[in-house]
Amino acid sequence: MPIQNAEIAALLSQEAELLEIQGANPFRVRAYRRAAQTIDALPRSVASVLAAGEDLTALPGIGQDLASKIAEIVKTGHFAALDDLKREVPGELATITALPGIGPKRVSQLHRELGVRTLDELRRAVEGGRLHGLKGFGARIEETLRTALAKPPAETRYKLSSVEQEVDALISFLKPTVGGGRIAAAGSFRRRKDTVGDLDLLATSNDAAAVGARLVAYENVAQVVAHGPSRTTIVLRSGLQVDLRAVANASYGAALMYFTGSKAHNIALRKLANDRGWKLNEYGLFEGERLLAGESEEAIYQKLGLSFVPPELREDRGEIALARGGALPNLVALADIRGDLHVHTTWSDGTASIEQMAEAAKARGYEYLAITDHSRRLTVAHGLDATRLARQIDEIDRLNAGLHGFTLLKGVEVDILEDGALDLPDSILSRLDLVVAAVHSHFELPREAQTTRIVRAMDNPHVSIIAHPTGRLIGQRSPYDLDFGRIAAAAAERRCRLEINAAPDRLDLDDVHAYAAKEAKAVLAVSTDAHAPTFLEWMRFGVDQARRGWLETGDVVNTLPLSKLRKSLRH
DNA sequence: GCCGTTTTCGGCCCGACTGTTTTCAGTCG
């Protein structure tokens with residue numbers, strides 16, 4: 001099986017780690033990191049890009065040298081330069097740099113002077129008091145190490161939806177200290193990434209120190225990592241790290257921009273500033289000492305000759321070049337969504353009646369709502385057989401007669417069986433307005449079989465949408481093995497839509513896949529998969545991911561008004 | 001190692017905080 005992008009990226013990252021420990025040119029290290037990031041976010045597999053005879057040097061941050069190294073990895077499955085490097089620098093040293101307070105310099109020193117190569121050896125060195133007298137290692141660092149070694153920090157990311165609750169609580173807690181100033185969440189949270197590693201808060205206040213002091217006093221603080229006059233870092237009991245930065249009002253935009261990131265986007269912007277002989281930092285855009293812009297992000301982008309880049313696009317995936325030409329996509333927004341095309345009711349495993357779901361959808365200002373209960377194979381969810389589905393169709397017809405300015409669409413979420421056949425006969429599917437098809441079993445099929453299975457399901461002309469196409473559950477279940485390029489191309493050909501499932505623990509497709517789907521000219525549907533009326537609110541999480549995938553209204557089928565949606569569904 | 005509407009060589013984002021030091025290196029974001 002061809003090597004996956006994530007594996008290539010991991011090899012490049014390892015190379016960067018070891019080069020850094022070795023003391024290599026930091027820009028060379030960065031080049032490997034950047035290449036790893038580019039490959040990781042690439043919508044198509046590198047193997048298929050190469051197979052198509054395309055040139056990797058077209059990708060940002062990949063030149064001749066890296067292109068040939070990546071080609072070597074794809075061809076042989078090995079990275080000779082990394083293997084060589086591992087002979088000079090033990091690969092396990094990289095695990096030690098993950099400890100707080102220990103970076104490449106100290107790890108290299110530990111290796112050089114104490115022969116430490118692994119976490120275990122480090123633990124023995126600390127316990128044996130062998131760090132005493134080591135230059136640059138004082139009592140505090142030793143204590144930090146002792147703590148970290150006893151309980152290694154788990155690399156966890158938190159679901160966007162759960163961080164959102166924490167943000168609301170923190171902001172209302174800190175609000176009293178900012179006076180007339182502002183407070184906002186930035187970082188990957190503001191970029192609406194599906195998961196958040198740590199939370200970045202920004203405040204403007206006349207009394208910056210007071211904001212930090214208040215954060216340290218927050219009841220859920222488990223640890224204060226750093227606490228200075230303008231920056232405070234704490235860890236909450238939940239394990240979530242919170243970084244607070246306070247600046248003056250005149251720097252709000254610059255600080256928001258800096259703290260929103262991404263890091264790669266910032267570096268690219270600062271380089272643009274440099275090219276003009278200016279300097280960009282979290283306090284503003286400067287020509288010498290003179291402030292050119294700083295209070296708003298808009299003004300800074302404008303000065304740099306760019307249109308405003310929505311936070312969701314700030315990943316250095318080509319957005320800066322487009323912003324220079326004023327050619328950024330006009331991203332889909334929550335207000336563009338006219339209905340939900342995937343919800344459940346008490347007819348299967350939902351908790352509310354069709355009427356209650358319709359009521360909630362109407363209250364959201366929707367024009368339509370598709371009722372898509374499970375099919376018979378999903379017995380645990382009381383899936384519908386053809387007979388019950390026929391009764392539900394009659395029930396919806398009856399309800400529609402009493403509704404005004406709002407329409408219930410007749411649908412189903414039909415199981416895709418192991419061989420790609422559907423769980424209900426065409427005779428009943430043909431009576432529906434739309435058919436959502438989904439994989440709920442046999443997640444372990446090999447890539448070829450899984451891909452063919454889903455393409456076969458799309459071969460059925462009744463199938464309108466493939467639900468949660470990769471099957472991932474964030475933090476719980478990996479996506480099943482798929483050739484997503486084939487899925488997206490097949491969807492485009494058959495005019496079958498691919499879903500962005502907005503449920504916070506799915507967000508499936510994710511941003512990168514959504515982008516790839518658009519590239520393949522497939523159309524998407526953003527749906528909540530709500531099993532209760534309140535969960536219709538999840539739509540915004542789906543729209544967030546759609547925006548991160550560069551989608552515009554034309555890419556999302558449920559931005560269409562009802563009449564056009566109906567035409568589209570008929571093909 | 002990458003990259004060029006000043007450049008194919010010489011740059012490469014920038015600052016806060018900590019700890020261990022007496023002026024700064026390392027780490028982090």
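Throughout, protein chains are lettered first and strands after them, A, B, ... in sequence-line order, and every chain is numbered starting at 1.
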- [ ] Indicate, with a heavy-atom threshold strictly under 4.0 Å, whether Gln109(A) touches base, sugar-phosphate, or nothing.
- [x] nothing
- [ ] Pick base, sugar-phosphate or nothing for Asn274(A), based on heavy-atom distances below 4.0 Å to the nucleic acid.
- [x] sugar-phosphate
Open item on the list: What's the gap between dC3(B) and dT8(B) when it is taken at their C1' atoms, as a whole Å value?
Closed with: 9 Å
TODO: Identify, between Gly277(A) and Ile267(A), the residue whose nearest nucleotide on DNA chain B lies closer to the 5' end.
DONE: Gly277(A)
Open item on the list: Looking at Asp483(A) and Arg486(A), would you say the former's side chain and the latter's main chain have a donor-acceptor pair under 3.5 Å?
Closed with: yes
Task: For chain A, the stretch of DNA chain B it reaches, first to last nucleotide, under 4.0 Å of its heavy atoms - done: dG1(B) to dG29(B)
Task: Pairing partner (Watson-Crick or G-U wobble, both distances under 3.5 angstrom) of dC24(B) - done: dG19(B)
Open item on the list: Need one value for Tyr283(A): base, sugar-phosphate or nothing, where a base atom within 4.0 Å counts as base even if backbone is also close, heavy atoms only.
Closed with: sugar-phosphate
- [ ] Could you work out the separation of dT22(B) and dC28(B) based on their P atoms and round it to a whole Å?
- [x] 23 Å
Open item on the list: Looking at Ser238(A), is its backbone amide N or carbonyl O close enough to the side chain of Tyr158(A) to form a donor-acceptor pair, meaning the two atoms are under 3.5 Å apart?
Closed with: yes
TODO: Please work out if Arg231(A) contacts a base, only the sugar-phosphate, or nothing of the nucleic acid, heavy-atom cut-off 4.0 Å.
DONE: base
TODO: Under 4.0 Å between any heavy atoms, over every strand shown, what does Pro26(A) touch: base, sugar-phosphate, or nothing? Just pick one.
DONE: nothing
Open item on the list: List the residues meeting side-chain hydrogen bond (donor to acceptor under 3.5 Å, both in side chains) with Glu219(A), not counting sequence neighbours, and say none if there are none.
Closed with: none
Open item on the list: By the 4.0 Å heavy-atom rule, please label Leu269(A) as base, sugar-phosphate, or nothing.
Closed with: nothing
Task: Parallel, tilted or perpendicular: rings of Tyr32(A) and Phe79(A) (30°, 60°) - done: tilted
Open item on the list: I want to confirm an ordering. Mapping Leu66(A) and Ala139(A) to their closest nucleotides on DNA chain B, which one lands closer to the 5' end?
Closed with: Leu66(A)
Task: Nearest-Å distance once atom P is located in both dT27(B) and dT20(B) - done: 13 Å
- [ ] Would you classify Asn281(A) as touching base, sugar-phosphate or nothing, given that sugar-phosphate means primed atoms plus P, OP1 and OP2, and contacts are heavy atoms under 4.0 Å?
- [x] sugar-phosphate
- [ ] Using a 4.0 Å heavy-atom cut-off across all strands, classify Arg245(A) as base, sugar-phosphate, or nothing.
- [x] sugar-phosphate
Task: Distance in Å, Lys69(A) NZ paired with Leu12(A) CG, rounded so as to fall on 0.5 Å steps - done: 9.5 Å
- [ ] Give every residue pair that meets the salt bridge (Lys or Arg N to Asp or Glu O under 4.0 Å) criterion with at least one member in residues 166-180 of chain A, sequence neighbours excluded.
- [x] none
Task: Distance between C1' atoms of dC9(B) and dC14(B) (Å, rounded) - done: 24 Å
- [ ] Please state the C1' separation for the pair dG11(B) and dT6(B) - nearest whole angstrom.
- [x] 13 Å
TODO: With heavy atoms under 4.0 Å as the rule, sort Lys135(A) into base, sugar-phosphate or nothing.
DONE: nothing
Task: Check: Glu7(A) side chain, Gln4(A) main-chain N or O, donor-acceptor pair, under 3.5 Å - done: yes
- [ ] Sticking with atom P, work out how far dT21(B) lies from dG26(B), rounded to a whole angstrom.
- [x] 13 Å
